[in-house]
Asker: 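I have a structure here, written as structure tokens, and I will follow up with some questions on it.
Every heavy atom of this structure was used, including side-chain atoms; hydrogens, water molecules and symmetry mates were not. Every value quoted in this text rests on a predicted model; they were computed, and no experiment measured them.
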Amino acid sequence: MKLASISSGSNGNCIFINNENTSILVDAGISKKRIEEGLETFGKKPEEIDGIVITHEHSDHIKGLGVFLRKYKIPVYGTEKTIEYILNSSTVGKVDSDLFFVIKPENDFSIGDIELMPVHISHDAVDPVCYRFSDGEKSCAVVTDLGEYDQRIIAYMQGLNAILIESNHDVGMLQTGPYPYHLKQRIWGNKGHLSNETCGRLLNDIISEKLSHIILGHLSEENNYPDLAYEAVRNEINFSDNDFYADDFQIKVASRAMPSCAVQF
């Protein structure tokens, strides 16, 4: 399998996952042109995408979906409330409702020969999920936009070979930064986003000998730096009480602006 970021950040998200037979996009929060260019970078054409799965309805995850679907008639999967929001969104515009398929959290479904498990997460959206992907031999997950995590999420993320996980903000930068207080509260609240350190702690609960690739994603442009996220997560792993060290894994930071971090596993 391959896991790659076309774009991952607070201003737009689109993740690419495929194996020899099936290609999937997670979210379409960037322009149609950028999605096309990103897919070309990874050797795919939009017509070859078998499905788009949506995590939630915030604009940085769906704002390119309408234009993309009006050109490419690709099936879209999301929770019932998320799809309802999208079909009534002026941001997305008019799209063919027959392209949309309802999925339920904690109930697996398949796109091609890849099995997906949507897992409900804590975020300020109508019905947000993250996704685990498996083709029977390898598995990966895309886990972003959650203010907190619990044992249920930890259980669903065991035995992964690769993960793209949110490392959204540095707590100190957020506290002293220019955001208004209500927005700071939203970000560090239990329906907001994971800090660098919390990302590292979640990783400590799910890393194993199977895990080879860690991609840090959804970094805030105003409240984080790639190097800061990278070092903070490494420190959380290195100073934890488990048997692993950061050097046991290939850790990368996804770009907010361009295709990056293509990993094969």
Side-chain angles (χ1 to χ4, degrees), residues 5-15 17 24-30 35 51-66 68-69 75-93 95 97 99-109 116-133 141-150 152-154 156-157 163-169 174 179-180 182-195 198-199 202 217-224 254 256:
S5 171
I6 294 176
S7 177
S8 184
S10 51
N11 57 349
N13 296 273
C14 185
I15 309 302
I17 292 166
I24 298 170
L25 290 180
V26 183
D27 293 329
I30 55 176
I35 296 174
I52 303 171
V53 296
I54 302 298
T55 59
H56 63 293
E57 79 283 1
H58 290 167
S59 63
D60 59 321
H61 295 262
I62 66 165
K63 62 188 173 188
L65 184 63
F68 193 77
L69 290 181
V76 179
Y77 302 82
T79 62
E80 184 175 8
K81 290 180 180 180
T82 299
I83 289 176
E84 181 181 358
Y85 183 98
I86 290 171
L87 293 177
N88 291 281
S89 169
S90 58
T91 300
V92 174
V95 289
S97 61
L99 293 172
F100 289 77
F101 297 87
V102 172
I103 54 98
K104 295 182 179 181
E106 282 75 57
N107 284 261
D108 58 6
F109 67 101
L116 295 83
M117 172 62 76
V119 181
H120 190 262
I121 55 175
S122 179
H123 193 54
D124 58 350
V126 292
D127 194 14
V129 294
C130 63
Y131 291 92
R132 178 186 175 117
F133 306 81
V142 176
V143 185
T144 68
D145 297 82
L146 63 165
E148 63 181 6
Y149 63 92
D150 55 21
R152 177 183 50 86
I153 290 176
I154 292 170
Y156 277 118
M157 298 302 157
I163 187 170
L164 187 148
I165 186 170
E166 173 174 72
S167 190
N168 178 257
H169 61 275
L174 179 63
Y179 279 3
H182 70 87
L183 182 54
K184 293 180 181 181
Q185 281 187 308
R186 172 191 172 267
I187 292 169
W188 68 49
N190 64 0
K191 291 185 179 295
H193 295 276
L194 293 186
S195 69
T198 309
C199 168
L202 174 52
H218 211 298
L219 271 69
S220 168
E221 186 172 8
E222 294 82 9
N223 300 302
N224 214 349
R256 290 186 293 264

Asker: Looking at NE2 of His123 and CG of Leu194, how far apart are the two atoms once the value is rounded to the nearest 0.5 Å?
Answerer: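 Output value for this atom pair is 10.5 Å.
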Asker: Treating Ser5 as the side-chain partner and Ala254 as the backbone partner, does any N or O pair qualify as donor plus acceptor under 3.5 Å?
Answerer: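 Answer holds: no.
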Asker: To check you understand the geometry: which heavy-atom pair defines the closest contact between Ile17 and Val26, and what is its length?
Answerer: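 Smallest heavy-atom distance, with atoms named: CD1-CG2, 4.0 Å.
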Asker: A side-chain contact here means heavy atoms from C-beta on lying under 4.5 Å apart; do Leu202 and Ile165 qualify?
Answerer: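 In short, these two side chains touch, coming nearer than 4.5 Å.
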Asker: Is the count of non-hydrogen atoms from other residues, nucleotides or ligands lying under 6.0 Å from Lys81 atom NZ greater than 12?
Answerer: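 Open.
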Asker: Rounded to the nearest 0.5 Å, how far does CG of Asp145 lie from NE2 of His218?
Answerer: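 It comes to 3.5 Å.
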Asker: Could you check whether any side-chain heavy atom of Ile153 comes within less than 4.5 Å of a side-chain heavy atom of Leu146, counting everything from C-beta outward?
Answerer: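 They are in contact (side-chain heavy atoms under 4.5 Å apart), so the answer is yes.
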Asker: Before giving the answer on side chain to side chain contact (heavy atoms under 4.5 Å, CB included), spell out for Ile86 and Leu65 the whole-Å C-alpha distance, their side-chain angles and the decisive distance to 0.1 Å.
Answerer: CA-CA 9 Å; Ile86 290 171; Leu65 184 63; 4.0 Å; yes
Asker: Strictly distance-based, threshold 3.5 Å: is any side-chain N or O of Asn224 a donor or acceptor partner for the main-chain N or O of Asn168?
Answerer: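 Side chain of Asn224 to backbone of Asn168, a donor-acceptor pair under 3.5 Å: yes, one is there.
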Asker: In Å and rounded to the nearest 0.5 Å, what is the CZ to CG distance from Arg186 to Asp124?
Answerer: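 These two atoms lie 4.0 Å from each other.
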Asker: How about CD on Glu148, more than 12 heavy atoms from neighbouring residues, nucleotides or ligands closer than 6.0 Å, or not?
Answerer: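 Enclosed: over 12 neighbouring heavy atoms sit under 6.0 Å from CD of Glu148.
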Asker: Give, for atom CG of Asn223 and atom NE2 of His193, the distance between the pair rounded to the nearest 0.5 Å.
Answerer: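 Asn223 atom CG to His193 atom NE2 measures 10.5 Å (nearest 0.5 Å).
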Asker: Rounded to the nearest 0.5 Å, how far apart are CG of Leu174 and CD1 of Ile187?
Answerer: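 CD1 of Ile187 is found 5.0 Å from CG of Leu174.
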Asker: Report the residues that fulfil salt bridge (charged side-chain N to carboxylate O under 4.0 Å, His left out) with Asp108, sequence neighbours left out, ordered by chain and then residue number.
Answerer: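 For Asp108, no residue satisfies salt bridge (charged side-chain N to carboxylate O under 4.0 Å, His left out) once neighbours in sequence are set aside.
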Asker: Between Val95 and Gly66, which heavy-atom pair has the shortest distance, and what is it?
Answerer: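 Shortest heavy-atom contact: CG1-CA, 3.7 Å.
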Asker: Locate the shortest heavy-atom distance separating Gly78 from Ile83; write the atom from each residue and the value.
Answerer: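 Looks like O-CD1, 3.3 Å.
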Asker: More than 12 foreign heavy atoms under 6.0 Å from CD of Glu80: is that the case here?
Answerer: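 No.
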Asker: Using a 4.5 Å cut-off on heavy atoms from C-beta on, say whether the side chain of Tyr131 contacts that of Asp27.
Answerer: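 Counting from C-beta outward, Asp27 and Tyr131 never come under 4.5 Å.
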Asker: Is there a side-chain contact between Asp127 and His120 in this structure, where contact means two heavy atoms from C-beta onward sitting under 4.5 Å apart?
Answerer: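 In contact.
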Asker: Within the 4.5 Å heavy-atom criterion, are Leu164 and Ser8 side-chain neighbours or not?
Answerer: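 The answer is yes, as the side chains (C-beta and beyond) meet within the 4.5 Å cut-off.
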Asker: Ile52 versus Ile24: any side-chain heavy-atom pair under 4.5 Å?
Answerer: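 The answer is no; the side chains never approach within 4.5 Å.
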Asker: Got a donor-acceptor contact below 3.5 angstrom from the Tyr149 side chain to the Ile121 backbone?
Answerer: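 Looks like no, no N/O pair under 3.5 Å.
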Asker: With a 3.5 Å distance limit and no angle check, can you tell me whether Ser167 reaches the backbone of Gly217 through a side-chain donor-acceptor pair?
Answerer: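 Looks like no, no N/O pair under 3.5 Å.
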Asker: Look only at the side chain of Glu57 and the backbone of Val126, and say whether a donor-acceptor pair between them is shorter than 3.5 Å.
Answerer: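 A pair under 3.5 Å: yes.
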Asker: Using the side chain to side chain contact (heavy atoms under 4.5 Å, CB included) criterion, which residues pair with Lys104? Sequence neighbours excluded.
Answerer: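 Side chain to side chain contact (heavy atoms under 4.5 Å, CB included) list for Lys104, sorted by chain: Asn107.
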Asker: For Ile15 and Ile6, run side chain to side chain contact (heavy atoms under 4.5 Å, CB included): C-alpha distance rounded to whole Å, both residues' side-chain angles, the deciding distance at 0.1 Å, then the answer.
Answerer: CA-CA 6 Å; Ile15 309 302; Ile6 294 176; over 6 Å; no
Asker: Any heavy-atom pair between the side chains of Val142 and Thr55 that's under 4.5 Å?
Answerer: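 Side chain of Thr55 against side chain of Val142, heavy atoms only: no contact under 4.5 Å found.
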Asker: Between Tyr179 and Ser220, which heavy-atom pair has the shortest distance, and what is it?
Answerer: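 Result for this residue pair: OH-OG, 4.2 Å.
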Asker: For Tyr85, look at atom OH and say whether over 12 heavy atoms of other residues, nucleotides or ligands are found less than 6.0 Å away.
Answerer: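 No, OH of Tyr85 has 12 or fewer neighbouring heavy atoms, counting only those of other groups under 6.0 Å.
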Asker: Is the backbone of Glu222 close enough, under 3.5 Å, to the side chain of His169 for a donor and an acceptor to pair up by distance?
Answerer: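 It does not hold such a pair.
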Asker: With sequence neighbours left out, write down each residue that passes salt bridge (charged side-chain N to carboxylate O under 4.0 Å, His left out) with Glu106, or none if nothing qualifies.
Answerer: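 For Glu106 the salt bridge (charged side-chain N to carboxylate O under 4.0 Å, His left out) partners, ignoring immediate neighbours, are Arg152.
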Asker: How far apart are the closest heavy atoms of Ala141 and Phe133, and which atoms are they?
Answerer: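 Nearest heavy atoms, Ala141 then Phe133: CA-CD1, 4.3 Å.
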Asker: Can Asn190 and Ser122 be counted as having a side-chain donor-acceptor contact under 3.5 angstrom?
Answerer: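 No donor-acceptor contact under 3.5 Å links the two side chains.
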Asker: Find the distance between CG (Asp60) and CD1 (Ile30) and round it off to the nearest 0.5 Å.
Answerer: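 Going from the CG atom of Asp60 to the CD1 atom of Ile30 covers 11.5 Å.
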